[in-house]
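All values below come from the heavy atoms of this structure, side chains included, with hydrogens, waters and symmetry mates left out.
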Amino acid sequence: MKIILAEKQGMCFGVKRAVDIAEKAAKTKKKGSSIYMYGPLVHNKKIIGFLEAKGIKSIKTLSQAEKGSSIIIRAHGASDKDILDAKLRQISIIDATCPYVQKSKDSAKQMEKEGFRVVMLGQKEHPEVRGISESLNSSIVIRGMEDIRKLNGLDRVGIISQTTHSQDSLNSIIRELRKKGVLVKVENTICTATSERQASAIDTAKKADLMLVIGDKTSANTKKLADICSKITDTRYIEGSDELKKEWFEGVENVGITAGASTPDNVVEDVVKRLNRINTICF
């Protein structure tokens, strides 16, 4: 059995940057001081556990942070309100927001200043979407075509997308709005790494009898990869090598592997090693 590893897969720039910032903060923190992650730094339990072992505590609300402490803003960003609240509580900010997410937030705020009603394509409860939408005076969050078809009475729309959405999905929304006669301003905020990983996953899935998608079950971009691959070939969404079952590979000649943008390299390596232990040949 041949293993085909997607050319573009695994940890992206934004995730690596956030982890590096957190590690540096842990190394340089003063004795007796506290550093918190405000929400999961990235959507991966293994990374969160690694950082907690270095003394960075996880909190869900700002009220859990002590006065004079520091909080790390997650890669998905935070709302302007939360950042202001932290400063008013005399909490220092260590900003690990992904630059792509920050660009989305800045673009949305600029479009609102120009008089456009901001419509954001994404998951309403996702931290990236919340951080951006809650920084605006008024915004609309949609999940897809069904939601956009229900929108009426809009004449000027500024549209942005959650960075992990597909380009095809965004293009469909734009076309539907223009059919309604809406003046549309578009800021393409889909992350390059996301687009590359999705394209690479499609290419790999076309060559595979079975596709393994590796990543935390809370990761939106990993779930999207699994959804895309499942439309092409038999797909298994796993968090690590311990979930592999030998019977999955009976009669399988080619196994494709991809991983989400917050999946550490060593997790992917462990999956490959486990496959080799169940009598596979890795090329």
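- Within the 3.5 Å criterion, the main-chain N or O of Ser33 finds a donor-acceptor partner in the side chain of Lys29.
- Taking 4.0 Å as the cut-off between side-chain N and carboxylate O, Arg117 and Asp155 do not count as a salt-bridged pair.
- Side chain of Asp270 to main chain of Ser241: no donor-acceptor pair is present (N/O by atom type, distance under 3.5 Å, no hydrogens or angles).
- Here Asp20 does not pair with Lys24 in a salt bridge; the nearest charged N to carboxylate O distance is not below 4.0 Å.
- A donor-acceptor pair under 3.5 Å is formed between the side chain of Arg17 and the backbone N or O of Thr97.
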Gln110 and Asp106: CA distance, side-chain angles, deciding distance, side chain to side chain donor-acceptor pair (under 3.5 Å) verdict:
CA-CA 6 Å; Gln110 181 59 35; Asp106 293 343; over 6 Å; no

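- Note on Lys223 versus Asp227: salt bridge recorded, some NZ/NE/NH1/NH2 to OD/OE distance being below 4.0 Å.
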Would Thr189 and Glu187 count as a side chain to side chain donor-acceptor pair (under 3.5 Å) here? Give the steps.
CA-CA 6 Å; Thr189 54; Glu187 287 290 345; over 6 Å; no

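- Using the six-membered ring where Trp is involved, His43 and His76 have ring planes that are tilted, between 30° and 60° apart.
- Between Arg74 and Glu128 there is no salt bridge, since none of the side-chain N atoms of the basic residue sits less than 4.0 Å from a carboxylate O of the acidic one.
- Asp80 and Lys105 are joined by a salt bridge, as a carboxylate oxygen and a charged side-chain nitrogen come within less than 4.0 angstrom of each other.
- Between the side chain of Asp95 and the backbone N or O of Ile73, no donor-acceptor pair lies under 3.5 Å.
- When all heavy atoms are compared, the tightest approach of Glu243 to Tyr237 is OE1-O, 4.1 Å.
- Taking a 6.0 Å sphere around CD of Glu134, one finds it holds more than 12 heavy atoms contributed by other residues, nucleotides or ligands.
- Listed for the Thr235 side chain is a donor-acceptor partner under 3.5 Å among the backbone atoms of Thr233.
- Formation of a donor-acceptor pair under 3.5 Å by the Ser200 side chain with backbone atoms of Glu196 is not found in this model.
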Gln167 and Asn188: CA distance, side-chain angles, deciding distance, side chain to side chain donor-acceptor pair (under 3.5 Å) verdict
CA-CA 9 Å; Gln167 188 65 53; Asn188 191 340; 3.0 Å; yes

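- Looking at Ser172, its side chain does come within 3.5 Å of a backbone N or O of Asp168 through a donor-acceptor pair.
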